[in-house]
Visitor: 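Got a structure for you, questions after.
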Amino acid sequence: MIPVPDRSGATLLPIIQRYVLPGTTIHSDEWAAYNVVPAVGYDHHTVNHSENFVVPIDGTHTQGIENAWGVVKKRQRRGQTTNPELLESHLIESCWRRKNKGNILNSIVKSIRELYPVV
(Lines give C-alpha, C1' and ligand atoms only; values in the text may rest on other atoms or scores of the structure.)
Protein backbone atom coordinates (compact mmCIF):
# COMPACT_ATOMS: atom_id res chain seq x y z
CA MET A 1 0.00 0.00 0.00
CA ILE A 2 1.79 2.99 -1.33
CA PRO A 3 0.08 6.30 -1.97
CA VAL A 4 0.05 7.36 -5.62
CA PRO A 5 0.03 11.17 -5.43
CA ASP A 6 -1.73 12.05 -8.68
CA ARG A 7 -3.53 8.70 -9.23
CA SER A 8 -2.13 8.41 -12.76
CA GLY A 9 -0.77 5.39 -14.60
CA ALA A 10 2.51 7.24 -15.19
CA THR A 11 3.01 7.50 -11.42
CA LEU A 12 1.58 4.07 -10.57
CA LEU A 13 3.63 2.03 -13.05
CA PRO A 14 7.11 2.77 -11.61
CA ILE A 15 5.81 1.85 -8.15
CA ILE A 16 4.47 -1.48 -9.41
CA GLN A 17 7.67 -2.19 -11.33
CA ARG A 18 9.74 -1.51 -8.20
CA TYR A 19 7.82 -3.89 -5.91
CA VAL A 20 6.06 -6.47 -8.13
CA LEU A 21 7.76 -9.02 -10.39
CA PRO A 22 6.67 -9.06 -14.06
CA GLY A 23 4.20 -11.84 -14.78
CA THR A 24 2.50 -11.38 -11.41
CA THR A 25 -1.29 -11.19 -11.32
CA ILE A 26 -2.47 -7.88 -9.88
CA HIS A 27 -5.95 -7.64 -8.37
CA SER A 28 -7.24 -4.08 -8.06
CA ASP A 29 -10.37 -2.04 -8.12
CA GLU A 30 -11.51 -0.45 -11.37
CA TRP A 31 -9.16 2.49 -11.00
CA ALA A 32 -8.25 3.51 -14.57
CA ALA A 33 -4.53 3.90 -13.81
CA TYR A 34 -4.20 0.10 -13.63
CA ASN A 35 -5.08 -0.14 -17.33
CA VAL A 36 -1.38 0.41 -18.15
CA VAL A 37 -0.06 -2.69 -16.33
CA PRO A 38 -0.99 -5.43 -18.87
CA ALA A 39 1.07 -3.65 -21.55
CA VAL A 40 4.26 -4.11 -19.49
CA GLY A 41 3.93 -7.77 -18.53
CA TYR A 42 1.47 -8.00 -15.65
CA ASP A 43 -1.80 -9.91 -15.55
CA HIS A 44 -4.53 -7.59 -14.25
CA HIS A 45 -7.95 -8.47 -12.82
CA THR A 46 -10.43 -6.04 -11.38
CA VAL A 47 -12.22 -6.80 -8.14
CA ASN A 48 -15.77 -5.89 -7.25
CA HIS A 49 -15.47 -4.52 -3.71
CA SER A 50 -19.09 -5.28 -2.96
CA GLU A 51 -18.04 -8.95 -2.93
CA ASN A 52 -15.54 -10.42 -0.49
CA PHE A 53 -12.80 -11.64 -2.83
CA VAL A 54 -10.33 -13.94 -1.02
CA VAL A 55 -6.86 -14.70 -2.40
CA PRO A 56 -6.52 -18.50 -2.00
CA ILE A 57 -2.74 -18.41 -1.47
CA ASP A 58 -2.62 -16.26 1.66
CA GLY A 59 -6.25 -15.67 2.67
CA THR A 60 -6.06 -11.92 2.04
CA HIS A 61 -9.46 -10.43 1.27
CA THR A 62 -10.56 -7.18 -0.28
CA GLN A 63 -12.34 -5.88 2.81
CA GLY A 64 -9.20 -6.37 4.92
CA ILE A 65 -7.06 -4.51 2.41
CA GLU A 66 -9.60 -1.70 2.06
CA ASN A 67 -9.85 -1.42 5.85
CA ALA A 68 -6.06 -1.14 6.26
CA TRP A 69 -5.89 1.47 3.53
CA GLY A 70 -8.75 3.40 5.12
CA VAL A 71 -6.85 3.53 8.43
CA VAL A 72 -3.77 4.91 6.64
CA LYS A 73 -5.87 7.61 4.93
CA LYS A 74 -7.60 8.58 8.22
CA ARG A 75 -4.24 8.95 9.96
CA GLN A 76 -3.01 11.18 7.14
CA ARG A 77 -6.09 13.42 7.39
CA ARG A 78 -5.56 13.79 11.15
CA GLY A 79 -1.90 14.63 10.71
CA GLN A 80 -0.88 11.38 12.42
CA THR A 81 1.00 10.08 9.43
CA THR A 82 3.42 7.22 9.61
CA ASN A 83 6.89 8.06 8.43
CA PRO A 84 6.77 7.12 4.70
CA GLU A 85 10.04 5.20 5.02
CA LEU A 86 8.45 3.02 7.73
CA LEU A 87 5.01 2.55 6.15
CA GLU A 88 6.01 -0.54 4.18
CA SER A 89 7.54 -2.24 7.24
CA HIS A 90 4.44 -1.44 9.35
CA LEU A 91 2.15 -2.97 6.73
CA ILE A 92 4.34 -6.06 6.32
CA GLU A 93 4.43 -6.57 10.09
CA SER A 94 0.66 -6.16 10.31
CA CYS A 95 0.11 -8.75 7.57
CA TRP A 96 2.62 -11.12 9.20
CA ARG A 97 0.94 -10.83 12.59
CA ARG A 98 -2.47 -11.49 11.03
CA LYS A 99 -1.13 -14.55 9.21
CA ASN A 100 0.72 -15.89 12.27
CA LYS A 101 -1.94 -15.60 14.97
CA GLY A 102 -1.36 -17.59 18.13
CA ASN A 103 2.11 -18.19 19.49
CA ILE A 104 4.16 -15.41 17.91
CA LEU A 105 7.49 -16.77 19.23
CA ASN A 106 6.96 -20.15 17.54
CA SER A 107 6.03 -18.35 14.32
CA ILE A 108 9.22 -16.26 14.47
CA VAL A 109 11.38 -19.34 15.05
CA LYS A 110 9.63 -21.18 12.20
CA SER A 111 10.16 -18.22 9.84
CA ILE A 112 13.86 -18.05 10.76
CA ARG A 113 14.24 -21.80 10.14
CA GLU A 114 12.63 -21.41 6.72
CA LEU A 115 14.86 -18.47 5.79
CA TYR A 116 18.06 -19.97 7.19
CA PRO A 117 17.87 -23.77 7.00
CA VAL A 118 20.53 -25.74 8.86
CA VAL A 119 22.88 -27.36 6.37
Side-chain angles (χ1 to χ4, degrees):
M1 291 191 216
I2 299 172
V4 179
D6 63 3
R7 297 183 54 94
S8 74
T11 307
L12 175 67
L13 192 56
I15 294 170
I16 289 176
Q17 290 174 316
R18 179 175 178 193
Y19 294 103
V20 183
L21 293 172
T24 300
T25 299
I26 297 173
H27 296 275
S28 74
D29 58 12
E30 297 194 15
W31 183 22
Y34 281 96
N35 293 337
V36 300
V37 299
V40 292
Y42 297 94
D43 189 22
H44 179 242
H45 299 278
T46 57
V47 174
N48 180 348
H49 290 292
S50 66
E51 298 175 14
N52 187 13
F53 174 80
V54 178
V55 178
I57 296 169
D58 62 6
T60 305
H61 56 87
T62 55
Q63 278 78 9
I65 293 168
E66 289 294 318
N67 182 45
W69 190 237
V71 169
V72 169
K73 289 194 280 188
K74 278 183 190 175
R75 288 179 55 98
Q76 286 177 332
R77 282 193 300 271
R78 291 184 196 151
Q80 302 170 326
T81 58
T82 300
N83 182 335
E85 290 83 25
L86 299 176
L87 180 59
E88 182 179 6
S89 64
H90 287 301
L91 293 170
I92 290 170
E93 179 184 354
S94 175
C95 292
W96 186 88
R97 285 179 180 272
R98 176 176 270 174
K99 180 182 174 189
N100 295 288
K101 291 179 185 174
N103 190 329
I104 299 280
L105 180 60
N106 284 343
S107 297
I108 291 170
V109 171
K110 181 181 175 193
S111 294
I112 291 171
R113 284 184 184 150
E114 290 171 0
L115 287 171
Y116 304 100
V118 178
V119 181

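We're numbering straight along the sequence, starting at 1.
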Visitor: Not counting sequence neighbours, which residues clear side-chain contact (heavy atoms from CB on, under 4.5 Å) with Leu21? List them please.
Guide: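 With sequence neighbours excluded, Leu21 shows a side-chain contact (heavy atoms from CB on, under 4.5 Å) to Thr24, given in chain and number order.
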
Visitor: Would you list the atom pairs, donor with acceptor, under 3.5 Å between side chains in residues 33-42 and any protein atom, with sequence neighbours excluded?
Guide:
from  : atom 1 : to    : atom 2 : distance (Å)
Asn35 : ND2    : Ala32 : O      : 3.2
Tyr42 : OH     : Val20 : O      : 2.8

Visitor: Are Ile112 and Leu105 co-members of a hydrophobic cluster defined by side-chain heavy atoms under 4.5 Å apart?
Guide: no

Visitor: Please enumerate all residues that pass side-chain hydrogen bond (donor to acceptor under 3.5 Å, both in side chains) together with Ser8, with sequence neighbours excluded.
Guide: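 Checked Ser8 against side-chain hydrogen bond (donor to acceptor under 3.5 Å, both in side chains); matches are Asp6, Thr11.
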
